[in-house]
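Encoded as structure tokens, the structure appears first; notes follow it.
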Amino acid sequence: MTKKINGVLTAIVTAFDRDGAFNPAAQRAQVKRQLDAGNGIFCGGTNGEFFVLNEQEKLAVTETCVDEVNGRAPVVAHVGEISTRETIRLGKQAAKLGVDALSVITPWFVPLKQDELIYHYQTVADALEVPLFLYNIPARTGNTLQPETVRTLASHPNIIGIKDSAGSYESLSGFLKAGEGIDNFDVLNGPDSLIHQGFVDGCSACISGLANVAPEAINAIWTRFQAGDIAGSREAQENVTGLRTDLYSVAFSPAAVKKALALLGQDVGESRYAVRFSADDEQKIRQIVNQYLQ
């Protein structure tokens with residue numbers, strides 16, 4: 001990768017049809033929405049429901065996104081698996097599809113020491129020909145990358161940054177400090193509530209799940225910040241934070257995001273995991289959509 005990844009990358013949902021199968025045409029439509037808003041693509045992550053996709057589907061999602069983007073914006077694909085071996089195997093296949101970078105989540109279910117995480121990431125980075133981002137989301141994996149571990153990994157020439165989805169300003173700040181003075185190592189902010197502050201503190205980009213439902217509103221945080229309109233960027237963040245707080249109080253993303261998209265007339269299908277919405281839940285999401293997005 002020769003170009004730095006800046007701005008907004010949407011943690012794009014994976015579109016399913018009525019039978020729950022991957023829907024490439026609908027996926028392309030979602031990618032186009034994001035490109036029209038000025039956003040790049042992060043595919044196969046949490047909002048992409050990687051945890052319920054098989055290997056062929058993960059690769060099909062990546063291939064579809066890369067093809068639709070066609071070089072107009074950066075595409076980062078998530079490929080993390082529990083084992084180092086499987087992460088490398090999937091990563092090599094995804095790399096052939098033309099992604100700009102790969103994102104590798106910490107292994108989950110099995111508790112790992114920091115030196116074991118270092119071994120895992122260094123081994124993966126050694127084996128892949130495309131650069132990779134570390135992906136820290138301890139609430140979902142049970143494994144946390146410590147700042148000193150990240151600083152050690154940042155010295156690897158093929159590790160170019162970290163996506164932090166721990167959800168706290170303390171975590172984000174720790175990784176920004178860990179990367180100080182290291183060339184070609186960037187911090188990507190995960191929580192939608194910290195997008196503006198992340199840019200202020202030095203994040204190069206954000207990975208936004210909420211951009212699925214509000215692509216222009218999320219992009220405004222970045223474009224205003226980049227233009228030097230710090231107050232305007234902060235104001236855009238405040239509007240987004242309200243949407244995030246209300247929507248995610250109903251259900252965990254990506255199900256809440258997909259339900260909101262459906263109410264906006266977007267054909268993305270339903271989440272595959274065992275989530276159910278009551279009539280009250282749907283009414284709440286409808287009210288939120290009407291308040292913030294229509």
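- A distance of 10.0 Å separates OG of Ser103 from CD1 of Ile137, quoted to the nearest 0.5 Å.
- Between the side chain of Gln287 and the backbone N or O of Lys284, no donor-acceptor pair lies under 3.5 Å.
- Looking at Glu68, its side chain never comes within 3.5 Å of a backbone N or O of Lys32 through a donor-acceptor pair.
- Cation-pi geometry between Arg140 and Phe50 is not met at under 6.0 angstrom from the ring centre and within 45 degrees of the axis.
- A continuous path of Ile, Leu, Val, Met, Phe, Trp and Tyr side chains, each step under 4.5 Å between heavy atoms, connects Leu9 with Val213, placing both in one hydrophobic cluster.
- Defined by atom type and a distance below 3.5 Å, a donor-acceptor pair is missing between the side-chain atoms of Thr152 and Tyr121.
- Under the rule for a ring-ring contact (aromatic ring centres under 6.0 Å, His included), His196 has no partner lying at least two apart in sequence or in another chain.
- A donor-acceptor pair under 3.5 Å is formed between the side chain of Tyr273 and the backbone N or O of Ala255.
- Atom CG in Asp267 sits 10.0 Å away from atom NZ in Lys258 (nearest 0.5 Å).
- Val52 and Tyr135 end up in the same hydrophobic cluster when Ile, Leu, Val, Met, Phe, Trp and Tyr side chains are linked at under 4.5 Å.
- Under a 3.5 Å cut-off, the side chain of Asn158 and the backbone N or O of Val130 do form a donor-acceptor pair.
- The backbone N or O of Ser208 sits nowhere less than 3.5 Å from a side-chain atom of Thr10 that would complete a donor-acceptor pair.
- In this structure, the side chain of Arg272 engages the main chain of Gly20 through a donor-acceptor pair within 3.5 Å.
- Just one of Val150, Leu153, Ile160 meets the side-chain contact (heavy atoms from CB on, under 4.5 Å) condition when paired with Phe185; it is Val150.
- Checking Glu81, His78, Gln93 one by one against Lys58, the side chain to side chain donor-acceptor pair (under 3.5 Å) holds for a single residue, Glu81.
- You'll find the side chain of Ile162 stays beyond 4.5 Å of the side chain of Phe133, heavy atoms only.
- Thr141 places no side-chain N or O within 3.5 Å of a backbone atom of Trp108 that could act as its donor or acceptor partner.
- For CG of Asn239, the number of neighbouring non-hydrogen atoms (other residues, nucleotides, ligands) closer than 6.0 Å is greater than 12.
- In terms of the side-chain hydrogen bond (donor to acceptor under 3.5 Å, both in side chains) criterion, Glu63 has no residue partners (sequence neighbours excluded).
- Taken to the nearest 0.5 Å, the CZ atom of Arg85 stands 12.0 Å off from the OG1 atom of Thr87.
- Linking Ile, Leu, Val, Met, Phe, Trp and Tyr whenever their side-chain heavy atoms come within less than 4.5 Å leaves Val61 and Val66 in two separate clusters.
- To the nearest 0.5 Å, the span separating OG1 on Thr123 from NE2 on His156 amounts to 8.5 Å.
- The distance from atom CD1 of Ile221 to atom OG1 of Thr241, rounded to the nearest 0.5 Å, is 7.0 Å.
- A donor-acceptor pair under 3.5 Å is absent between the side-chain atoms of Asn47 and the main chain of Val13, judged by distance alone.
- When only modelled atom types and interatomic distance are considered, Ser278 and Asp281 share a side-chain donor-acceptor pair under 3.5 Å.
- If you chain together hydrophobic residues whose side chains sit under 4.5 Å apart, Ile218 and Leu293 fall into the same group.
- A single hydrophobic cluster is not seen to contain both Tyr119 and Val110; linkage of ILVMFWY side chains at heavy-atom distances under 4.5 Å, directly or through other members, places them apart.
- Although no hydrogens or angles enter the test, the distance criterion places a donor-acceptor pair under 3.5 Å between the side chain of Gln114 and the main chain of Thr144.
- Of the residues Thr64, Val99, Thr62, Val76, the one that meets the side-chain contact (heavy atoms from CB on, under 4.5 Å) test with Cys43 is Thr62.
- From Asp164, atom CG reaches atom SG of Cys203 across 8.0 Å, with rounding to the nearest 0.5 Å.
- Within a 6.0 Å sphere centred on CD of Glu57, heavy atoms belonging to other residues, nucleotides or ligands number more than 12.
- Side-chain contact annotation: Arg33 with Gln30, donor-acceptor N/O pair under 3.5 Å present.
- Counting only distance, with no hydrogens or angles, the side chain of Ser173 and the backbone of Glu170 share no donor-acceptor pair below 3.5 Å.
- A salt bridge links Arg89 with Glu86: the distance from a Lys NZ or Arg NE/NH1/NH2 to an Asp or Glu carboxylate oxygen falls below 4.0 Å.
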